[in-house]
Amino acid sequence: MQDRVAPAFRLFLLRHARSGWALPGQRDFDRTLDDIGYAEAELIAQSAADQDIRPDLILCSTAVRCRQTAEPFRRTLGEDIDLRYIDALYTGSMNVYAELLEANSSLSSLMLIGHNPMIEELFRRLLGDEAADRVLAVGYPPAALAVIDFSAPPSAGARWLATLSTLLLAAPEESGRT
């Protein structure tokens, strides 16, 4: 049995779990997870723990639905997990996500918890449209967690060489490795 070489950098890319529609007068920022979303968040956190996924740092959008998605990770991985809330993950473009990735590339791993379309756009940028379409033909679903390995830490101006190591989906029958 061959030992797998550790990647130079590992990104965990998590879209928030399913959320309800905004209530009359409610801001988009304040939307909460619905019942299915709460279950998805718990399931994906447990699946991540079962796979020994423990990022050095979790950066999470400040939006309520993202914070609610992150909470099961804090419980499952331990209160000592470094979890920081970043406004720019709610308001920013895919380029903001990429800049946060670059800014934290001195770590060995990072988890980003955010929103579509930015999560899917970053996923496509890292893997290419053809590879992205093969694994996510209908888009990046809520509570999907992609484990993306880099052969070199991502840096500004450099071409990023990344491959999808694992894709975890919230529904157990849909989870799988690629």
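Along the sequence shown, residues are numbered consecutively beginning with 1. Atom set for the values below is all heavy atoms of this structure, side chains included, hydrogens, waters and symmetry mates excluded.
Between Met118 and Gly92, the shortest heavy-atom contact is CG-O, 3.5 Å. The shortest non-hydrogen separation linking Ala162 to Leu127 is O-CD2, 3.8 Å. Nearest heavy-atom pair across Ala144 and Leu169 is CB-CD2, 3.6 Å. Between Ala41 and Pro72, the closest heavy-atom pair is O-CB, 3.7 Å. Closest approach of Cys66 to His16, counting heavy atoms only: SG-CB, 3.7 Å.
Counting only distance, with no hydrogens or angles, the side chain of Thr76 and the backbone of Gln46 share no donor-acceptor pair below 3.5 Å. Remark: the backbone N or O of Leu59 is not paired with any side-chain donor or acceptor of Tyr85 at under 3.5 angstrom. Under the 3.5 Å distance criterion, the side-chain polar atoms of Gln26 are matched with a main-chain donor or acceptor of Asp30. Looking only at distances, a side-chain donor or acceptor of Gln68 sits under 3.5 Å from a matching main-chain atom of Leu33. Panel note: side chain Arg31, backbone Gly20; a donor-acceptor pair is recorded below 3.5 Å. In this structure, the side chain of Thr69 engages the main chain of Ala17 through a donor-acceptor pair within 3.5 Å. Side-chain atoms of Asp149 never come within 3.5 Å of backbone atoms of Pro7 as a donor-acceptor pair (strictly under, hydrogens ignored). Between the side chain of Ser109 and the backbone N or O of Asp56, at least one donor-acceptor pair lies under 3.5 Å. Looking only at distances, no side-chain donor or acceptor of Tyr90 sits under 3.5 Å from a matching main-chain atom of Val64. Judged purely by atom type and a 3.5 angstrom limit, Glu120 uses its side chain to pair as donor or acceptor with the backbone of Tyr140.
By the 4.5 Å heavy-atom criterion applied to side chains, Glu102 and Trp160 are counted as neighbours. Using a 4.5 Å cut-off on side-chain heavy atoms (C-beta onward), Arg67 and Thr32 make no contact. No side-chain heavy atom of Leu43 sits less than 4.5 Å from a side-chain heavy atom of Tyr38. In this structure, the side chains of Ile113 and Ile58 come closer than 4.5 Å at one or more pairs of heavy atoms. At least one side-chain heavy atom of Leu126 sits less than 4.5 Å from a side-chain heavy atom of Phe150. Counting heavy atoms from C-beta on, the side chains of Arg84 and Cys60 never come closer than 4.5 Å. Side-chain contact between Thr163 and Ile148 is absent, with no heavy atoms from C-beta onward closer than 4.5 Å. The closest side-chain heavy-atom distance from Ile44 to Leu168 is below 4.5 Å.
Expressed to the nearest 0.5 Å, how far CZ of Phe123 lies from CG of Asp129 amounts to 10.5 Å. To the nearest 0.5 angstrom, Ile36 atom CD1 is 5.5 Å from Arg18 atom CZ. Here Leu100 contributes atom CG and Asn95 contributes atom CG; the two are 11.0 Å apart, rounded to the nearest 0.5 Å. Once rounded to the nearest 0.5 Å, the distance linking CZ of Arg74 with CG of Leu83 reads 4.5 Å. Here OG of Ser165 is found 8.5 Å from CD of Gln51. Values are rounded to the nearest 0.5 Å. Note that OG1 of Thr166 is 6.5 Å distant from CD1 of Ile53, once rounded to the nearest 0.5 Å.
By the criterion of side-chain heavy atoms lying less than 4.5 angstrom apart, applied directly or through intervening Ile, Leu, Val, Met, Phe, Trp or Tyr residues, Leu13 is grouped together with Val96 in one hydrophobic cluster. Grouping the Ile, Leu, Val, Met, Phe, Trp and Tyr side chains by contacts below 4.5 angstrom, directly or via other members, places Leu101 apart from Leu161. The hydrophobic cluster containing Phe9 also contains Leu57, counting ILVMFWY residues as joined when their side-chain heavy atoms lie under 4.5 angstrom apart, directly or transitively.
Dense packing is recorded around CD of Glu79, with more than 12 heavy atoms of other residues, nucleotides or ligands lying under 6.0 Å away. With a 6.0 Å radius and a threshold of 12 heavy atoms from other residues, nucleotides or ligands, Asp80 has its CG atom above the threshold.
His115 and Ser61 are linked by a side-chain donor-acceptor pair at a separation below 3.5 angstrom, with hydrogens and angles left out of the test.
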Q: Please assess Val147 against Leu11 for the test side-chain contact (heavy atoms from CB on, under 4.5 Å), listing each intermediate value before the final yes or no.
A: CA-CA 6 Å; Val147 181; Leu11 174 65; over 6 Å; no

Q.
Walk me through whether Val135 and Leu164 qualify under side-chain contact (heavy atoms from CB on, under 4.5 Å).
A. CA-CA 9 Å; Val135 293; Leu164 181 64; 3.9 Å; yes

Q: Kindly indicate, with the supporting measurements, whether the criterion side-chain contact (heavy atoms from CB on, under 4.5 Å) is fulfilled by Ile81 and Phe73.
A: CA-CA 9 Å; Ile81 193 82; Phe73 280 87; over 6 Å; no

(Q) Does Arg124 form a salt bridge (Lys or Arg N to Asp or Glu O under 4.0 Å) with Asp133? I'd like the steps, not just the answer. (A) CA-CA 9 Å; Arg124 288 180 170 285; Asp133 285 342; 2.6 Å; yes

Q.
Could you go through Arg65 and Asp28, starting from their C-alpha distance and side-chain angles, then the distance that decides it, and tell me whether this counts as salt bridge (Lys or Arg N to Asp or Glu O under 4.0 Å)?
A. CA-CA 10 Å; Arg65 58 194 177 273; Asp28 176 75; 3.0 Å; yes

**Q.** Stepwise side-chain contact (heavy atoms from CB on, under 4.5 Å) test for Leu110 and Phe12
**A.** CA-CA 6 Å; Leu110 172 70; Phe12 303 102; over 6 Å; no

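Taking 4.0 Å as the cut-off between side-chain N and carboxylate O, Arg125 and Glu121 do not count as a salt-bridged pair. Ionic pairing of Arg54 and Asp52 is not present here: no N-O contact between side-chain nitrogen and carboxylate oxygen is shorter than 4.0 angstrom.
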